[in-house]
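Count residues from 1 along the sequence. If you're wondering where the values come from, they're calculated on a predicted model, not measured in any experiment. The figures that follow rest on heavy atoms only: side chains count, while hydrogens, waters and symmetry mates do not.
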Amino acid sequence: MEAADVITRLLREHGRTYADEAGITLRDKPAPLYQLLVLTVLCSIRIKAETATAAARELFAAGLRTPRAMADSEWQERVDALGRAHYVRYDESTATALGDGAELLLDRFGGDLRRLREQARGDVGELRELVQEVPRIGPVGADIFCREVQAVWPELRPFFDERSCQAADGLGLPHTPGGLAELVPPKDLARLAAALVRVSLSKSAAEELRAA
């Protein structure tokens, strides 16, 4: 297949962002940005992505959609929400991390991640470092956050981490952020990044694309 055909299939079959899967309507507003950060925390351990997104939906359904709501919630309430999504083994430590992270955001940024964005001043490296100050989020988590938030923070575009670039290379596509950015309009960059990650996590999906 030509690169354009591969891209079309990627976006059509695998191009759902993880934020969308978690029920987040991503906008440059405090609540949805915080919800993306919560999802990032949940994805920052070795656990299936579908379990992490299900856990995010349970937390949001419990009303824990803002840093203030999370900080004011009981630890057991957070544990119970994670348990309903079968987010096991890490439920107690993650409940603690979510509470501590909410307090940090309230103290440092008034609960508004747009202030973190302003502090980074368009420097992707600085933004990644700031995000990693949130408990549980490391370099991989920072990549997850940046991959998704580029949909509403255009100064991060094009953001493709090592995993997505390796997946692109395996499909015969350009394997640099700049090369991939030439294949889709800016509005589809986050979807393409998510699609490449999804394919990297599914041997069968990658094989089907390579065989087409």
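- Using a 4.5 Å cut-off on side-chain heavy atoms (C-beta onward), L173 and L10 make contact.
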For this session: Carefully, step by step, assess L98 and L59 under the rule side-chain contact (heavy atoms from CB on, under 4.5 Å).
Result: CA-CA 10 Å; L98 288 169; L59 288 165; 3.8 Å; yes

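- Here the side chain of R191 pairs a donor or acceptor atom with the backbone of L11 at under 3.5 angstrom.
- Residues L37 and I137 are in side-chain contact: their nearest non-hydrogen atoms beyond the backbone lie under 4.5 Å apart.
- A donor-acceptor distance shorter than 3.5 angstrom exists from the side chain of R157 to the backbone of A151, with no hydrogens or angles considered.
- The neighbour count for E50 CD, taken as heavy atoms of other residues, nucleotides or ligands under 6.0 Å away, is above 12.
- A single hydrophobic cluster is not seen to contain both V140 and L127; linkage of ILVMFWY side chains at heavy-atom distances under 4.5 Å, directly or through other members, places them apart.
- At least one side-chain heavy atom of S44 sits under 4.5 Å from a side-chain heavy atom of T40.
- Rounded to the nearest 0.5 Å, atoms CG (L171) and CG (L209) are 5.5 Å apart.
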For this session: Could you please spell out the steps behind the salt bridge (charged side-chain N to carboxylate O under 4.0 Å, His left out) verdict for R117 and D28?
Result: CA-CA 10 Å; R117 179 190 186 186; D28 188 27; 3.0 Å; yes

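- Between I47 and L42 the shortest side-chain heavy-atom distance does not fall below 4.5 Å.
- Of all heavy-atom pairs spanning A81 and E58, the tightest one is O-CB, 3.4 Å.
- By the 4.5 Å heavy-atom criterion applied to side chains, R84 and D80 are counted as neighbours.
- The shortest non-hydrogen separation linking A22 to R57 is O-CG, 3.2 Å.
- For the pair R198 and Y18, the cation-pi criterion (under 6.0 Å, within 45° of the ring axis) is fulfilled.
- At a threshold of 4.5 Å between side-chain heavy atoms, the hydrophobic network of Ile, Leu, Val, Met, Phe, Trp and Tyr places W153 and L180 in two separate groups.
- Between the side chains of R78 and S73, at least one donor N or O sits under 3.5 Å from an acceptor N or O.
- Residue F159 is not grouped with residue V199 when hydrophobic side chains (ILVMFWY) are merged at heavy-atom distances under 4.5 angstrom, including chains of intermediate members.
- Here the CG atom belonging to D188 is positioned 11.0 Å from the OG1 atom belonging to T17, to the nearest 0.5 angstrom.
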For this session: Check the pair D161, S164 against side-chain contact (heavy atoms from CB on, under 4.5 Å), reporting the backbone distance first and the verdict last.
Result: CA-CA 5 Å; D161 59 6; S164 51; 2.8 Å; yes

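- Looking at L113 and V149, their side chains never come closer than 4.5 Å, going by heavy atoms from C-beta outward.
- For the atom pair Q119 CD and R115 CZ, the distance stands at 11.5 Å (nearest 0.5 Å).
- Under the 4.5 Å side-chain contact rule for hydrophobic residues, V38 and I144 do not share a cluster.
- For the atom pair CG (D20) and CD (E148), the distance works out to 9.0 Å, reported to the nearest 0.5 Å.
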For this session: Any chance you could lay out the side-chain contact (heavy atoms from CB on, under 4.5 Å) test for L39 and Q35, step after step, and finish with the verdict?
Result: CA-CA 6 Å; L39 176 62; Q35 291 158 24; over 6 Å; no

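- Across G122 and E155, no two heavy atoms sit closer than the pair CA-CG, 4.1 Å.
- In terms of heavy-atom proximity, H175 sits nearest to A168 at CA-CB, 4.4 Å.
- The two residues V79 and A95 have their closest heavy-atom pair at CG2-CB, 3.6 Å.
- With no hydrogens or angles considered, no side-chain donor-acceptor pair links T8 and D5 at under 3.5 Å.
- Checking side-chain atoms of Q132 against main-chain N and O of R128 turns up a donor-acceptor pair under 3.5 Å.
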Please tabulate, for side-chain N and O atoms in residues 99-109, each donor-acceptor pair with protein atoms closer than 3.5 Å (sequence neighbours left out).
residue	atom	partner	partner atom	Å
R108	NH1	E133	OE1	2.4

Problem set entry | Derivation and outcome, salt bridge (charged side-chain N to carboxylate O under 4.0 Å, His left out), residues R121 and D123 | CA-CA 6 Å; R121 298 181 180 179; D123 185 323; over 6 Å; no

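- In R89, the CZ atom is not crowded: 12 or fewer heavy atoms of neighbouring residues, nucleotides or ligands sit closer than 6.0 Å.
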Problem set entry | F160 vs L189, side-chain contact (heavy atoms from CB on, under 4.5 Å): CA-CA, chis, key distance, verdict | CA-CA 9 Å; F160 293 90; L189 287 169; 3.8 Å; yes

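- Residues F145 and L33 come closest through the heavy atom pair CE1-O, 4.2 Å.
- Linking ILVMFWY side-chain heavy atoms closer than 4.5 Å, directly or via other members, places V197 and L192 in two distinct hydrophobic clusters.
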